[in-house]
K.L.:
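Pasting a structure below so you can have a look.
In this text the structure is predicted, and so the values were computed from the model without any measurement. Just so we're on the same page: letters track the sequence lines, and every chain starts at 1.
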Amino acid sequence: MPEGTSASNFIREIVAADHAAGKHEGRVVTRFPPEPNGYLHIGHAKSICLNFGLATEYAGGVCHLRFDDTNPTTEDPEYVESIQEDVRWLGFDWGNHLYFASDYFEQLYSFAERLIKTGSAYVDSLTADEMRHYRGTLTEPGKNSPCRTRTVDENLDLFRRMRAGEFADGTHVLRAKIDMASPNINLRDPVLYRIRHTAHYRSGRTWPIYPSYDFAHPFSDAIEGVTHSVCTLEFDDHRPLYDWVVERAGTADRPQQIEFARLNISQAVMSKRKLLELVESKQVAGWDDPRLPTLKGLRRRGYTPEAIRTFCEHIGVSKRDAVVEMQLLEHFIREDLNKRAARVMAVLKPLKVVIDNYPEQGSEELEAVNNPEDASAGTRSIPFSRTLFIEREDFLEDPPKGFFRLAPGREVRLRYAYIIKCVGVTKDPQSGEVTELHCTYDPQTKSGGPDARRKVKATIHWVSAVHALEAEVRLYNPLLKADLADMPSDQDWTAYLNPQSLERLTGCLVEPSLKSASPGSRFQFERLGYFCVDPEATPDLPVFNRTVSLKDAWARLDKRQPSN
RNA sequence: UGGGGGAUCGUCUAGCGGUAGGACGCCAGCCUUUGGAGCUGGCUACCUAGGUUCGAUUCCUAGUCCCCCAGCCA
């Protein structure tokens, strides 16, 4: 269990005040109540961290994981499973408090009968269309349905027959009898039960009728002994209805609904509907596509649960509609990976370098530190030889002012190795493209050696040509354009997909130590960024996913003034 | 238009009558045998107008703007 968070927010204050006042006999019970109709994304992480975080701040506090599975048409066991995996992956534990609203169907049903018997609910036989007209509008009050005056016996009979499966979908609903003239539309006799002759992924075909969210949710909270029911802003004006149900549920203790603003992140698709659409239309490889802000996608991209939790702590909780910048998320994963990721050398776009004065068949092992910020990470040895590859971008035949890396006649340090000097450039006679560099090395400048302190203006990375491992590297940028508004009406996703959102580089070369890198492990390719070994990659070719978008690592270094 | 919610640096967020703070970002400089790391300094905010008060981001009044609600979705 991750350590509790300390940053204050208004919900924490409410819970603290209730706890201090001895409300709910000092219990703190929260819940995370997803509908199993999709995969969890970073937005859910905020709710998970909040709810589980709240509970763990109090002795005996618990957070339930409850599946709000009251709509058989959208739900699937695949989602139930993935949601549990993701909550665990994030680092939270619901103990034995795993619940399903569908387990309450029987209780919900008798509760509904009780409401009918007390005259608080009735069966309405209007069509959906008629009901809409009777409901009125935002500015006009609704009218009572002709069915509203049905007797208790009539209602009971009808409702029992609904349960028995006698009626077709859409022919009847059970409604709460509240107030058709209420300025709050949610109180204009909301639907409690609807007929759906659809198999439910858990209860199968035992029920032809299903309770609505507004009925099942408060009831579930109440019977589970939830004390603080934290939900998002759009349920704010459902609260009177929530209270209406809770009051009639008649439990000794009553839960309190508290609303907060859901998380939006710039340049990320956070709507379940759109994510589903992307997955089903095969615009992305699946729910775990690393371009997606799903927890599975982020994991595959190399995000750590710790970084996501830290992010969630830092964005705060409020009631304002907010859009958090992607850079903030990226900041926390960088901060985390900076501490834990081992540094390795890799070359994404190779340029061959021959060290002319190095022994023809010679090679040697050089010692490299795994993490300069963490001595306990130890060292590894990397092979050096006469033929190497360096990053293509680290050489310029005609360097502009301010470029301090390799160029004809220039010296540069090879990280962990020697200072080399470029003495020759081979070009393709046709295209004029540089194909090979000839360099000499200065044996005295070996890292740790006698002249190792000699200053050169840049240090570049490299891999030994004969030893290097070929790999595939996937570079990811945020999935969608920043100005994403609504789903395009023509469903033309290509217009919305950022063409640079996924770039595959094959023929990349990484140092041989990565041969045994385990899936999911994270590295910093020096100066190229943080990468994660794709957990889903095939074994024949190592695949690395870039964790965060890149800034120009050389900009600052190259910009510095030549000192000598 | 009825109801509900909300407005503080570019972005999140703190403040609860007493000099508006933090984080991200950005800018400048330093450092570096990786840097996107590290160090130093800097940047910009209380929606508007009245009122109460010695003093208002905070309390009151009136506006303005934004979001949500007219599913038998959640």
K.L.:
NA contact type, A:Thr70, heavy-atom cut-off 4.0 Å: base, sugar-phosphate, or nothing?
P.N.:
sugar-phosphate

K.L.:
Output all residues satisfying salt bridge (Lys or Arg N to Asp or Glu O under 4.0 Å) with A:Asp103, sequence neighbours left out; order by chain, then residue number.
P.N.:
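With neighbours one apart ignored, the set is A:Arg202.
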
K.L.:
Could you check whether A:Asn338 gets within reach of a base, just the sugar-phosphate, or nothing at all, counting any heavy atom under 4.0 Å?
P.N.:
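Here A:Asn338 touches the bases of the nucleic acid.
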
K.L.:
Students often get this wrong, so: under 4.0 angstrom with heavy atoms, is A:Leu126 touching a base, only sugar-phosphate, or nothing?
P.N.:
base

K.L.:
Apply salt bridge (Lys or Arg N to Asp or Glu O under 4.0 Å) to A:Arg334 and list each qualifying residue two or more places apart in sequence or on a separate chain.
P.N.:
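Here the qualifying residues are A:Glu330.
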
K.L.:
Sticking with atom C1', work out how far B:C9 lies from B:A14, rounded to a whole angstrom.
P.N.:
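Roughly 13 Å separates the two C1' atoms.
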
K.L.:
Base, sugar-phosphate, or nothing: which does A:Val317 touch, judged by heavy atoms less than 4.0 Å apart?
P.N.:
sugar-phosphate

K.L.:
Rounded to the nearest 0.5 Å, what separation is found between the CG atom of A:Asn186 and the CH2 atom of A:Trp244?
P.N.:
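Rounded to the nearest 0.5 Å, the CG-CH2 separation comes out at 13.5 Å.
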
K.L.:
Let me spell it out: for each of A:Phe10 and A:Asp169, pick the nucleotide of RNA chain B with the closest heavy atom. Which residue's pick is nearer the 5' end?
P.N.:
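Looking at the nearest nucleotide for each, A:Phe10 comes out on the 5' side.
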
K.L.:
Expected output check: what is the dot-bracket annotation of RNA chain B, where ( ) and [ ] are pairs inside the strand (brackets for crossing ones), | is paired with another strand, and pairs are Watson-Crick or G-U under 3.5 Å?
P.N.:
.((((((..((((....[..))))((((((.......))))))...(((((..]....))))))))))).....

K.L.:
Quote, to the nearest angstrom, the C1' distance that separates B:U64 from B:G50.
P.N.:
14 Å

K.L.:
Which nucleotide, B:C24, B:A74, B:G71, lies nearest any side-chain atom of A:Gln327?
P.N.:
B:C24

K.L.:
Base, sugar-phosphate, or nothing: which does A:Ala322 touch, judged by heavy atoms less than 4.0 Å apart?
P.N.:
sugar-phosphate

K.L.:
Which one, B:G25, B:G71, B:C72, comes nearest to the side chain of A:Met131?
P.N.:
B:C72

K.L.:
Looking at B:U33, B:U11, B:U34, which one has an atom nearest to any side-chain atom of A:Ser447?
P.N.:
B:U33

K.L.:
A:Glu130: which residues meet the side-chain hydrogen bond (donor to acceptor under 3.5 Å, both in side chains) condition with it, sequence neighbours left out?
P.N.:
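Partners of A:Glu130 by the side-chain hydrogen bond (donor to acceptor under 3.5 Å, both in side chains) criterion, ordered by chain and then number, come out as A:Thr127.
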
K.L.:
Select from A:Arg135 and A:Ser212 the residue whose nearest nucleotide in RNA chain B is closer to the 5' end of that strand.
P.N.:
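Its nucleotide being nearer the 5' end, the pick is A:Arg135.
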
K.L.:
From the list B:C72, B:U33, B:U1, which nucleotide is the closest neighbour of the side chain of A:Arg413?
P.N.:
B:U33

K.L.:
Okay, side chain of A:His197, backbone of A:Phe167: is any donor-acceptor separation there less than 3.5 Å?
P.N.:
yes

K.L.:
Between B:U13 and B:U52, how far apart are the two P atoms, rounded to whole Å?
P.N.:
34 Å

K.L.:
Holding to side-chain hydrogen bond (donor to acceptor under 3.5 Å, both in side chains), I want the full list of residues that pass it with A:Asp442, two or more places apart in sequence or in another chain.
P.N.:
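If we apply the side-chain hydrogen bond (donor to acceptor under 3.5 Å, both in side chains) test to A:Asp442, skipping adjacent residues, the hits are A:Arg454.
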
K.L.:
Could you list the protein-to-nucleotides 63-69 of chain B atom pairs, N/O on both sides, closer than 3.5 Å?
P.N.:
| unit_1 | atom_1 | unit_2 | atom_2 | d |
| --- | --- | --- | --- | --- |
| B:C67 | O4' | A:Asp321 | OD2 | 3.4 |

K.L.:
Looking at A:His44, A:Glu78, A:Lys272, which one forms a side-chain hydrogen bond (donor to acceptor under 3.5 Å, both in side chains) with A:Tyr39?
P.N.:
A:Glu78

K.L.:
Among B:A74, B:U33, B:G6, find the nucleotide with the atom closest to the side chain of A:Lys319.
P.N.:
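Looking only at heavy atoms from C-beta outward on A:Lys319, the closest nucleotide is B:G6.
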
K.L.:
Taking the C1' atom in each of B:C12 and B:A28, what is the distance between them to the nearest angstrom?
P.N.:
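Each nucleotide's C1' atom is 25 Å from the other's.
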
K.L.:
If you check every side-chain atom of A:Leu328, which of B:A23, B:C72, B:G5 has the closest atom?
P.N.:
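Closest nucleotide to the A:Leu328 side chain: B:A23.
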
K.L.:
For A:Tyr242, what residues pass the ring-ring contact (aromatic ring centres under 6.0 Å, His included) criterion, not counting sequence neighbours?
P.N.:
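Listed in chain order: nothing, the list is empty.
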
K.L.:
Mind checking salt bridge (Lys or Arg N to Asp or Glu O under 4.0 Å) for A:Glu35 and listing every partner two or more places apart, or none if nothing turns up?
P.N.:
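Expected list: none.
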
K.L.:
State whether the distance check finds a donor on one side and an acceptor on the other, under 3.5 Å, for side chain A:Arg527 versus base B:U34.
P.N.:
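Looking at the base of B:U34, it does not pair with any donor or acceptor on the side chain of A:Arg527 (distance under 3.5 Å).
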
K.L.:
Using the P atom in both, what is the distance from B:G6 to B:A45, to the nearest Å?
P.N.:
26 Å

K.L.:
Contact class for A:Glu259 vs. all strands (heavy atom < 4.0 Å): base, sugar-phosphate, or nothing?
P.N.:
nothing

K.L.:
Who pairs with A:Lys446 by salt bridge (Lys or Arg N to Asp or Glu O under 4.0 Å), at least two apart in sequence or on another chain?
P.N.:
A:Glu364

K.L.:
Taking atom P in both B:C24 and B:C16, what distance in whole Å separates the two?
P.N.:
24 Å

K.L.:
Could you tell me whether the side chain of A:Arg31 reaches within less than 4.5 Å of the side chain of A:Ser229, counting heavy atoms only?
P.N.:
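Yes. Closest side-chain heavy atoms under 4.5 Å.
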
K.L.:
Contact class for A:Pro141 (heavy atom, under 4.0 Å): base, sugar-phosphate, or nothing?
P.N.:
nothing

K.L.:
Measure distances between side-chain N and O atoms of A:Glu325 and base N and O atoms of B:G10, and say whether any donor-acceptor pair falls under 3.5 Å.
P.N.:
yes

K.L.:
Could you please name the option among B:C12, B:U34, B:G5 that lies closest to any side-chain atom of A:Ile315?
P.N.:
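Nearest nucleotide to the side chain: B:C12.
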
K.L.:
Provide the distance between the two C1' atoms, one in B:C46 and one in B:A20, to the nearest whole Å.
P.N.:
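Those two atoms are separated by 8 Å.
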
K.L.:
Of the nucleotides B:C72, B:U34, B:A74, which one has an atom closest to the side chain of A:Gln524?
P.N.:
B:U34

K.L.:
Tell me if a side-chain donor or acceptor on A:Thr232 pairs with a main-chain N or O of A:Glu234 at a distance below 3.5 Å.
P.N.:
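Checked: no pair found.
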
K.L.:
What contact category does A:His331 fall into here, base, sugar-phosphate, or nothing, at under 4.0 angstrom with non-hydrogen atoms?
P.N.:
sugar-phosphate

K.L.:
Using the C1' atom as the reference point in each nucleotide, state the distance between B:U33 and B:G10 in Å, no decimals.
P.N.:
37 Å

K.L.:
Of the candidate nucleotides B:A14, B:C12, B:G25, which contains the atom at the shortest distance from the side chain of A:Asn9?
P.N.:
B:A14

K.L.:
Choosing from B:C12, B:U33, B:C72, which nucleotide comes nearest the side chain of A:Lys455?
P.N.:
B:U33

K.L.:
Is the glycosidic angle of B:G51 within 90° of 0, making it syn, or outside that range, making it anti?
P.N.:
anti

K.L.:
Contact class for A:Arg188 vs. all strands (heavy atom < 4.0 Å): base, sugar-phosphate, or nothing?
P.N.:
nothing

K.L.:
Using a heavy-atom cut-off of 4.0 Å across all strands, would you classify A:Val173 as base, sugar-phosphate, or nothing?
P.N.:
base

